[in-house]
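For reference, the structure discussed in these notes is given below.
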Amino acid sequence: PLPRDERQELELFGTGNTGINFSKYEDIPVEASGDRVPDFITSFEDVNLTEIMRSNIAAARYDKPTPVQKYAIPIVLGRRDVMACAQTGSGKTAAFLVPILNQMYEAGPVKNMGPFNRGRKQYPLGLVLAPTRELATQIYDEARKFAYRSRVRPCVVYGGSPIHEQFRELERGCHLLVATPGRLVDMLVRGRVALDHCRHLVLDEADRMLDMGFEPQIRKIVESHTMPKTGERQTLMFSATFPKQIQVLAQDFLYNYVFLAVGRVGSTSENITQKVVWVEEMDKRSFLLDLLNASNLLQRQRPEEDQLILVFVETKKGADQLEEYLGNLGYPVTSIHGDRTQREREEALRRFRTGQTPILVATAVAARGLDIPHVRHVINFDLPSDVEEYVHRIGRTGRMGNLGVATSFFNDTNRGLARDLVELLVEAKQDVPNWLTSTAADGRLGGGGRRTGSRSGGGRFGGGGG
Ligand code: ADP
Ligand code: MG
């Protein structure tokens with residue numbers, strides 16, 4: 001058997017490179033803005049890292065930093081706050097772990113480090129919030145690598161797992177805590193964790209945390225009276241998109257921050273092809289079948305995440321009916337809506353995520369608060385009434401490096417959306433159908449109906465633009 005050290009190294013670092021596909025990411029553009037932004041680095045040698053950190057980076061086989069790491073590492077080492085918009089797979093985890101842990105090593109042994117730190121209540125020096133158990137665990141695994149042979153002990157806590165086992169882990173000492181927001185609030189309330197010494201705070205995948213409805217918990221944590229105030233702690237926020245709600249959080253939580261835009265920011269990324277087609281209510285089902293048949297989904301044994309199709313409908317009844325219709329025709333489909341129990345929704349989501357049923361029919365309300373994976377194709381079987389919700393939905397596709405498609409069925413009932421939709425499509429450099437442009441113009445004039453191929457005629461809806 002291997003000596004204990006070597007066993008542990010093997011367990012932590014593995015034998016092969018987990019490897020990032022550098023050719024794919026190397027030329028991702030990064031833009032940094034803010035007050036006196038430190039220069040980016042091109043190699044891990046360009047910054048003064050502690051010996052422990054250098055050797056752990058080498059053991060992890062990180063030969064050179066990814067674009068987001070090149071910028072974030074010197075900025076975070078310079079003790080600045082950061083708002084970074086970067087998509088998945090860009091190496092964000094090390095971008096915050098390396099400089100935060102290194103600062104802890106440089107600060108040297110502090111009162112609550114080391115073996116005398118054991119006890120009922122833990123005072124972590126750093127806190128990382130992440131939306132899901134999976135993500136929290138991934139960050140924790142990475143933290144263990146970079147904390148190897150240091151005095152810093154990382155811990156992870158998340159919901160859906162016995163809290164008492166997590167208490168026991170915490171009691172052995174916790175300097176860097178990775179947590180999902182709900183479970184952390186629970187830990188704070190029970191007096192197992194206190195934030196008085198928290199000098200580094202990271203919100204990872206902040207947009208996803210908000211999607212999942214965690215804003216109240218996040219605010220409770222960050223604004224708790226024991227947490228050092230904005231400016232007294234270092235705060236880093238990472239998010240794939242930068243909608244209004246995230247901007248507000250950044251205003252509230254960050255101090256004189258550096259803004260990093262890694263790759264293309266925003267949900268109307270050029271990676272998403274947005275199509276709007278005029279489809280009457282009665283024709284929607286056959287149009288949908290055409291789309292499903294055109295995807296190569298059904299030839300696949302087990303579609304990967306990037307093959308999944310997400311179909312949005314407006315009502316619970318609509319979701320039930322569409323699922324039944326597709327199911328009867330033999331399509332692998334499941335659905336989530338407000339009449340399903342949380343358990344049923346999670347089961348449906350699991351079947352979707354694993355590709356068992358690669359078509360998911362969802363109402364927007366039910367989809368909110370669930371960790372829906374990123375998909376290949378979003379279909380707005382029914383369009384929402386406001387454009388923000390539209391942006392939100394199509395943001396489920398076209399993540400970093402992956403091309404996504406969003407197809408929306410538009411008819412008279414959606415007139416109210418026409419103007420905003422046109423504006424959005426133009427901004428995202430998408431093709432705008434002529435009929436949509438004129439529908440938007442009709443709306444502005446406040447009258448007139450568009451009748452092309454329309455069974456009902458626009459007049460019935462009083463030209464109800466905007
Ligand atoms: P993100 O959080 O941006 O989605 P991760 O931090 O999870 O990305 O990194 C994605 C993968 O790339 C992980 O397996 C990680 O270990 C690996 N990785 C990150 N940075 C580097 C690097 N500099 N060199 C080699 N592999 C890296
Ligand atoms: Mg990540």
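Numbering of ligands and ligand atoms starts at 1, following listing order.
A salt bridge does not link Arg343 to Glu346: none of the charged nitrogens lies less than 4.0 Å from a carboxylate oxygen.
Within the 4.0 Å heavy-atom cutoff, Glu142 counts among the residues contacting ligand 1.
Between Lys64 and ligand 1, at least one pair of N/O atoms sits closer than 3.5 Å. Every N/O-N/O distance between Asp63 and ligand 1 stays at or above 3.5 Å. At least one N/O-N/O distance between Gln69 and ligand 1 falls below 3.5 Å. Polar contact with ligand 1: present for Tyr62 (N/O pair, distance under 3.5 Å).
Aromatic pair Tyr390/Phe312: centroids not less than 6.0 angstrom apart. Aromatic ring centres of Phe96 and Phe238: separated by under 6.0 Å. Checked against the 6.0 Å centroid threshold, Phe242 and Phe259 count as a close aromatic pair.
Comparing Ala94, Ala60, Gly91 by heavy-atom distance to atom 9 (O) of ligand 1, the nearest is Gly91.
The side-chain heavy atoms of Glu205 and Pro131, taken from C-beta on, include a pair separated by under 4.5 Å.
Every atom of ligand 1 is numbered from 1 in the order shown, and the set under 4.0 Å from a heavy atom of Thr66 is 20 (N), 21 (C), 23 (N). Applying the 4.0 Å criterion to heavy atoms of Thr93 picks out, from ligand 1, the atoms 2 (O), 5 (P), 6 (O), 7 (O). When each atom of ligand 1 is checked for a heavy atom of Ser90 under 4.0 Å away, the hits are 1 (P), 3 (O), 8 (O).
One side chain, Arg233 or Thr230, offers a donor N or O that lies under 3.5 Å from an acceptor on the other. Between the side chains of Asn56 and Arg149, no donor-acceptor pair of N or O atoms lies under 3.5 Å.
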